[in-house]
Amino acid sequence: MGIKGLTKLIADEAPEAIKEHKVEHYNGRTVAVDASMAIYQFLIAIRHGSGGAAASQLTNEAGEVTSHIQGLFNRTIRMLASGIKPVFVFDGKPPTLKGGELDKRREKREKAESELKKAQEEANVEEQDRQSKRLVRAGKKESADCKKLLELMGVPWLEAPCEAEAQCAALAKIGKVYAVATEDTDTLTFATPRLLRNMTSAGDNPIKEIDYKKMLEGLGLTHAQFIDLCILMGCDYTSNIRGIGPKSALTLIKKYGDIEHVLENISKGKYQVPPEWLPRIKVRKPSSLPPSAPPSVSPVEEGDKAMPGDENACKTAEVDSKAGMEGEKEEGIKAAAIVAREVAPDEPAKSVEGEVMEMPAYVMARALFVQPEIHDPAELNFKWVEPNEAGLEAFLIDSLGFNPDRVKSGIAKLKASRGAMQQKRLDSFFKPSGSSSTSSTTLKRKEAPAAAKGKGKAKFGGKKK
DNA sequence: AGTCTGTCTCAAGACGGG
DNA sequence: CTATCTTGAGACAGACT
DNA sequence: CCTGTCC
């Protein structure tokens with residue numbers, strides 16, 4: 001996940017955008033963290049066995065995996081002890097997109113993944129449980145565990161409608177959080193003003209902070225151009241063009257301004273542009289294809305017509321598998337169209353009367369980055385409260401079998417950090433930090449509910465009609 | 001020369017005792 | 001009691017412009 | 001710092 005090679009490109013082309021700070025520099029600051037990614041990392045990293053090739057994770061007596069809880073507990077304590085106030089943002093998902101190729105690809109991946117595992121697990125009935133765990137990213141069970149843990153620890157969380165990274169970026173943009181801590185460079189594409197890397201590693205080596213504005217200046221791009229750059233370099237939503245890597249992508253965008261014009265200029269040459277990158281018009285009547293419409297693209301020899309499933313592709317896109325509300329869908333397409341128009345105003349006719357234009361994949365990717373589905377960050381308020389000591393002990397010690405001493409030690413650290421936090425609050429009382437000091441309606445634990453509302457059980461097309 | 005692709009390898013969290 | 005097996009970033013070779 | 005352990 002992320003943009004392929006982006007970190008290196010920034011280091012090479014815009015080094016002034018990266019600065020290193022010690023942890024202390026972030027004392028008292030709030031930081032958004034992609035919880036789902038953290039959970040995933042914990043599940044992978046926290047296992048035992050020799051060398052690093054063992055699959056067994058930490059479990060309680062009942063056999064339930066506890067690796068993610070162990071990891072999150074420690075990491076959260078560490079952050080709070082450093083004076084950093086984290087907000088954990090969960091993926092809402094699925095990253096369902098209303099485009100043909102994207103949907104297809106995602107579903108294929110998911111299906112392949114689950115089928116593979118199913119096949120594996122058919123051999124062993126016991127492991128069917130494990131299959132259910134590792135559904136897509138972090139399973140619902142793991143997320144629920146972590147939400148519960150966070151609430152007991154007095155740490156706020158929320159569930160994004162879709163991608164957590166997009167929600168994190170939105171929070172940072174309006175200053176609800178100071179920065180986003182993540183290893184995922186996708187976050188930059190959502191225009192996070194400050195991205196923190198190495199937040200997780202030990203205290204002595206510094207945190208790397210990437211300043212979005214400086215990065216744009218260093219690269220010499222606008223925000224829209226940066227998004228196009230990321231898409232060209234290779235993002236999660238589209239395939240990339242063979243032969244174009246980070247350097248070429250940057251050069252091309254700088255030269256031509258946006259993907260449309262890049263395509264116009266390179267498609268004549270040797271680059272072989274994947275069919276899903278090209279605007280395709282769905283024509284009922286074959287003869288009505290205007291000569292000007294498809295922007296001079298190299299004739300695709302292998303692509304396009306050869307694909308037997310192609311016709312179905314658009315159908316699949318229309319049909320959509322899941323929760324699919326028509327309104328949402330239309331909204332999405334409309335958004336994509338608007339974006340296209342903005343970026344390429346001088347393009348020849350985008351759509352012909354009566355004909356349906358199929359969006360190129362990059363247009364939809366662009367729409368995803370420009371207008372991601374998020375909760376209005378202005379309506380979200382976070383509060384760090386006293387840890388629920390008894391609840392934590394019951395959950396971690398009694399239910400999960402954690403070592404009582406370690407748990408108590410952790411709680412002690414929580415309380416200590418909380419004391420320090422209060423102190424700081426008093427100190428900075430006279431500084432207008434902009435927090436809604438007296439706005440009475442600071443929600444305590446559930447910012448999420450506003451969030452959780454829309455989702456229900458979209459996962460398996462649940463409703464039988 | 002510079003750039004991109006493919007293949008390979010490795011390590012991935014955090015803690016505390018020694 | 002035993003086999004278990006992902007993802008991404010870095011190093012390097014090789015092809016291409 | 002290295003290594004085993006956490007559950």
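As a basis for the values below, the full set of heavy atoms in this structure was taken, side chains included, without hydrogen atoms, waters or symmetry mates.
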- Message: Rounding to an integer number of Å, can you tell me how far I39(A) CD1 sits from dT7(C) P?
- Response: 17 Å

- Query: Nearest-Å distance, NZ (K413(A)) to C1' (dC15(B))?
  - Reply: 8 Å

- Respond yes when some side-chain nitrogen or oxygen of S67(A) is under 4.0 Å from OP1 or OP2 of dC7(D), and no when none is. no

- Message: Measure CZ/R78(A) against P/dA14(B) and give the value in whole Å, please.
- Response: 6 Å

- Message: Does the structure show a Watson-Crick or G-U wobble partner for dC1(C), both distances under 3.5 Å? Name it, or say none.
- Response: none

- Message: Using a 6.0 Å cut-off, check whether atom NZ of K254(A) has over 12 heavy atoms from anything other than its own residue.
- Response: yes

- Task: Could you tell me the separation between the CE atom of M199(A) and the C1' atom of dG13(B), rounded to a whole number of Å?
- Result: 16 Å

- Task: State whether R47(A) places a side-chain N or O below 4.0 Å from either non-bridging phosphate oxygen (OP1 or OP2) of dC7(D).
- Result: no

- Item | Short side-chain N/O contact to dG13(B) OP1/OP2 from R75(A), under 4.0 Å | no

- Nearest-Å distance, CD (E183(A)) to C1' (dG13(B))? 12 Å

- Query: Atom CD of Q57(A) and atom P of dG13(B): how far apart are they, to the nearest Å?
  - Reply: 14 Å

- Message: I need the CD-C1' distance between Q70(A) and dG16(B), as an integer number of Å.
- Response: 12 Å

- Tell me whether the OP1 or OP2 atom of dT5(B) has a side-chain N or O from K4(A) closer than 4.0 Å. yes

- Message: Whole angstroms only, please: what is the CZ-C1' distance between F402(A) and dC15(B)?
- Response: 13 Å

